[in-house]
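The structure appears below as structure tokens.
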Amino acid sequence: MANAGLQLLGFILAFLGWIGTIVSTALPQWKIYSYAGDNIVTAQAIYEGLWMSCVSQSTGQIQCKVFDSLLNLNSTLQATRALMVIGILLGLIAIFVATIGMKCMKCMEDDEVQKMRMAVTGGVIFLIAGLAILVATAWYGNRIVQEFYDPMTPVNARYEFGQALFTGWAAASLCLLGGALLCCSCPRKTTSYPTPRPYPKPTPSSGKDYV
């Protein structure tokens, strides 16, 4: 019963991580304009995501522009896009696989070992998806740090971490934790012992004494 609860907890955490990955990929606040410097302008907020760049005015008006050309983007943004999409697709596959292997489901009840292996397989796929998301967000964040401390970068062109980047880190952590908990339901190998030999039955005594 405890193993079933551990499975359910791992699945819920991994599923929440998958939802967070979709939200992080869609949000445009991956990096936000830094107001460090002498010329501080707080009338507008500038931020960029994986798919568009936006400008938010103090009046509440938001204007966004989708990136026109894929080939014109830098390699970091292209790789981050690809890894995030791969993480979402792997998470979707892991959800279907892990659902079949859950003990609370009626699928494959006849073969308990195979059912547990399906749950472990779903956990492994969640782990791979979490790693892909973690690499994507860490790579993008490292690029922001490098550009921020680069002396060749103008002060008015520096950016800081955005909310979507933190959401991606949290989503990757949930996918990794949930996948690890699902892998804990790995079927244990039963030790096979040799069949004990029956002891020979004593022959009944005939009741005669031999000299």
Inset, instruction - Please list all pairs passing the salt bridge (Lys or Arg N to Asp or Glu O under 4.0 Å) test where one or both residues lie in residues 6-21, with sequence neighbours left out. - result: none
Kindly give the heavy-atom pair with the smallest separation between [X] and [Y], and that separation in Å.
X      : Y      : result
Phe11  : Ala98  : CD1-CB, 4.0 Å
Pro28  : Met52  : CB-CG, 4.0 Å
Gln78  : Leu73  : NE2-O, 3.2 Å
Gly101 : Ala119 : O-CB, 3.6 Å
Leu83  : Ala136 : CB-CB, 3.6 Å
Trp18  : Gly87  : CD1-O, 4.4 Å

Inset, instruction - Report whether Trp139 and Phe148 are members of the same hydrophobic cluster (ILVMFWY, side-chain heavy atoms less than 4.5 Å apart, transitive linking). - result: no
Legend entry - Hydrophobic cluster membership, Val145 vs Val135, 4.5 Å side-chain cutoff: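 The answer is no; the residues belong to distinct hydrophobic clusters.
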Inset, instruction - Take Leu77 and Glu48, measure what side chain to side chain contact (heavy atoms under 4.5 Å, CB included) needs, and give me the verdict at the end. - result: CA-CA 11 Å; Leu77 184 57; Glu48 291 185 7; over 6 Å; no
Legend entry - Result of checking Val85, Leu27, Thr80 against Leu50 for side-chain contact (heavy atoms from CB on, under 4.5 Å):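 Of all the options given, the one that passes is Thr80.
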Reported [atom1]-to-[atom2] distance for the pair [X] and [Y], which is rounded to 0.5 angstrom:
X      : Y     : atom1 : atom2 : answer
Lys65  : Cys54 : NZ    : SG    : 11.5 Å
Ile93  : Leu89 : CD1   : CG    : 6.5 Å
Leu127 : Leu90 : CG    : CG    : 11.5 Å
Ile133 : Thr21 : CD1   : OG1   : 3.0 Å

Inset, instruction - Evaluate the criterion side chain to side chain contact (heavy atoms under 4.5 Å, CB included) for residue pair Glu147 and Lys31; output intermediate values, then yes/no. - result: CA-CA 11 Å; Glu147 292 179 352; Lys31 61 179 183 179; 4.0 Å; yes
Legend entry - Expected output: side-chain Trp30 to main-chain Tyr47 donor-acceptor under 3.5 Å: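 Such a contact is absent between Trp30 side chain and Tyr47 backbone.
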Inset, instruction - For the pair Trp51 (side chain) and Thr25 (backbone), establish whether a donor and an acceptor sit closer than 3.5 Å, ignoring hydrogens and angles. - result: yes
Legend entry - Verdict with supporting geometry, Met84 and Tyr140, side chain to side chain contact (heavy atoms under 4.5 Å, CB included): CA-CA 11 Å; Met84 293 300 289; Tyr140 194 93; over 6 Å; no
Legend entry - Derivation of the side chain to side chain contact (heavy atoms under 4.5 Å, CB included) call for Ile32 and Phe161: CA-CA 6 Å; Ile32 300 178; Phe161 298 153; over 6 Å; no
Only distances under 3.5 Å count here; give the side-chain donor-acceptor pairs of residues 164-184 to other protein atoms, sequence neighbours excluded, each with its distance to 0.1 Å.
residue	atom	partner	partner atom	Å
Thr167	OG1	Gln163	O	2.9
Trp169	NE1	Thr137	OG1	3.1
Ser173	OG	Trp169	O	3.0

